[in-house]
Amino acid sequence: MRLRFAPSPTGALHIGGARTALFNWLLARGSGGRLVLRIEDTDRERSTPENVAQIIDALNWLQIDWDEGPIMQSERAERHRQELARLLDQGHAYRSTATAEDVKAYKAKHGADRGFRGRQEGEGAIRLRVPDEGATIVHDVIRGDTRFEHVHLDDPVIARADGSVLYNFAVAIDDLDAGITHVVRGEDHLSNTPKQLLVLEALGAPQPLYAHLPLLHGPDGKKLSKRHGAASVQELRDAGYLPAAVRNYIALLGWGSESDETILSTQELIDQFKLERVSRNPARFDETKLRWMNGVYIRASSVEDLASAIEDHLELEDPDAAAAVRADRAKLLEAARISQEKIQRLSDFWPLSGFLFQEREIQEKARARWMGEESVAIATQARAELADIDAFDEPSVQRALEGLVARLEVKPGNVYQPLRVAISGTTTSPGIFESIVLLGRKETLKRIDDALAGAAR
RNA sequence: GCCGCCAUCGUCUAGGGGACUAGGACGCCGCCCUCUCACGGCGGUAACACGGGUUCGAAUCCCGUUGGCGGUACCA
């Protein structure tokens, strides 16, 4: 199989484009075929080098690689011109000055079910001549055959008056030259396919097989946009998702494995992905499931890997936090270990466990609930216990505090929550024993003292 | 308007005429575990858009309606 991913650099790579890239990649890797990356930048106004860089960056982050390219469509202008000249010579295409309004007027006059057919004028934009009779049938691996009657089709403009080619022409030529066997892309291109097929036919060229993927929508069923939160690959990365989790999740949008499994490694994805099993209905991108899935991947990571991922993430998102974390690798490792089962995204780490690296102000609500008279009395005793024990490790700390709970005959939370608030500033944190040990005796006692002093005021 | 695609729990989906009392996953709810938050375990909630056919039998096939989406650019 020879496949291609052909984004147009008019914006960031969004999740729909990422899925198209992934499906092509899975097919290439699973079949021993090749994947061609082509940048469709024939829209000179909207295509920018920054967007190209961003798309490549996104693919790199997703760990989707390609075998050929990136081919810039704009650099193939000469080839496009050649084929265009051939079509013109052979009468398959002609120049016409007809505008969009002219086409509309034509159809109003001739009836809605009669496609626009222009006259050879020798100047103006170049249109492809569509046969009056018959139909073009798109053979789609996912959808079966779709028939487009020629009478409904307008002669499409394939090149501007200045000779620069348009999308539907360039794609056909580029796919042909690249020897693409399977065109896998979004369903928004289905209606364009007959035009491309007609170009190929006029050229007497072979036709590839098509597969049009169902479109992706936002949670509200509307077109995906920034409004829906993390819609681009970059935003997903910034939100603290892992590439492997994102790949797993988007693979499941419009496709399901035969085994009905949800968590699938990239290798399993490669082994199991079949175009024939891609669904025909549009899917909504709902971040909730991705969040859950990311948590699964985080829990499955080694502590080493998780720590590195957290560090990289902080590096990008929070320089201060990154510096704090970088200063003590051993501590980061421990912090990652005790946070691992409590976070779903890398971005959850710092809010939950940052207190292990930096002292924080105690939140008002937490103080009100857990720094009252009784709590202060308990915390004072707990402080004494912690100051007293010989070894400051988890078993010792646990034994000491559990002893206190038993002696005081209070609920465990009455001891642990004031301590938690004192050391973390809030009511949720990793396990209290682990947190205290990781903080160390000196720092723990200091924070309890600070909290006690604050409560007295 | 015209052309086309699509239609199963809130969401992603399984389903290819009888195996469907419609399965799984996320979410949600409840219980258990529990130092908080999570994790984990157990249980529950919830869907074949509507109307006609075809058939002994339809979530599955056909037609229509409705709805969603795409195309209809000298955009991609």
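Numbered from 1 within each chain, the chains take letters A, B, ... in sequence-line order.
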Next on the checklist: Suppose we define a pair by two distances each less than 3.5 Å, Watson-Crick or G-U wobble; what does B:A25 pair with here?
Outcome noted: B:U11
Checklist entry - In terms of side-chain geometry, is the basic nitrogen of A:D154 or A:K107 positioned less than 4.0 Å from the acidic oxygen of its partner? => result yes
Next on the checklist: Classify A:K195 by what it touches in the nucleic acid, base, sugar-phosphate, or nothing, heavy-atom distance under 4.0 Å.
Outcome noted: sugar-phosphate
Next on the checklist: Give me the distance, rounded to whole Å, that separates B:U8 from B:A14 when you measure between the P atoms they each carry.
Outcome noted: 10 Å
Checklist entry - Roughly how far apart, to the nearest Å, are B:C6 and B:A49 at atom C1'? => result 12 Å
Checklist entry - For A:T146, which contact category applies under a 4.0 Å heavy-atom criterion: base, sugar-phosphate, or nothing? => result sugar-phosphate
Item to check | B:G71 and B:G10, which share atom name P, separated by this distance in whole Å | outcome: 29 Å
Item to check | Same-atom distance (P) from B:U54 to B:A59, integer angstrom | outcome: 16 Å
Next on the checklist: Work out how far the P atom of B:G16 is from that of B:C29, and round it to whole angstrom.
Outcome noted: 34 Å
Next on the checklist: Once you apply a heavy-atom cut-off of 4.0 Å, does A:A161 come out as touching a base, just sugar-phosphate, or nothing?
Outcome noted: base
Item to check | B:U65 - base-pair partner by Watson-Crick or wobble geometry, distances under 3.5 Å | outcome: B:A49
Checklist entry - Going by atom types only, do A:S259 and A:S257 share a side-chain donor-acceptor pair under 3.5 Å? => result yes
Next on the checklist: Please give me the minimum heavy-atom distance between A:L264 and A:N248, naming the atom from each residue.
Outcome noted: N-OD1, 2.9 Å
Checklist entry - Strictly by modelled atom types, are A:D174 and A:H80 linked by a side-chain donor-acceptor pair under 3.5 Å? => result yes
Item to check | C1' spacing across the pair B:U45 / B:A22, given as an integer number of angstrom | outcome: 16 Å
Next on the checklist: We want to know whether A:Y241 and A:E287 form a side-chain donor-acceptor pair, criterion being a heavy-atom distance below 3.5 angstrom.
Outcome noted: yes
Checklist outcome for this item: Nearest-nucleotide check on RNA chain B, A:K342 vs A:E40; residue mapping nearer the 5' end is A:K342
Item to check | Electrostatic pair A:E83:A:R86 at N-O distance under 4.0 angstrom | outcome: yes
Item to check | Any-strand Watson-Crick or G-U partner of B:G1, both distances under 3.5 Å | outcome: B:U72
Item to check | B:G23 to B:A47 separation - P atoms, rounded to the nearest Å | outcome: 11 Å
Item to check | Segment of RNA chain B, first to last nucleotide, that comes within the 4.0 Å heavy-atom reach of chain A | outcome: B:C2 to B:A76
Checklist entry - Which part of the nucleic acid, if any, lies within contact of A:D260, taking any heavy atom under 4.0 Å across all strands shown: a base, the sugar-phosphate backbone alone, or nothing? => result base
Checklist entry - Side chains of A:Q196 and A:N192: is there a donor and an acceptor less than 3.5 Å apart? => result no
Checklist entry - So which one's nearest nucleotide on RNA chain B is more toward 5', A:L253 or A:G431? => result A:L253
Item to check | Identity of whatever pairs with B:C56 - Watson-Crick or G-U, under 3.5 angstrom | outcome: B:G18
Checklist entry - Which whole number of Å gives the distance between the C1' atom of B:G44 and that of B:G24? => result 16 Å
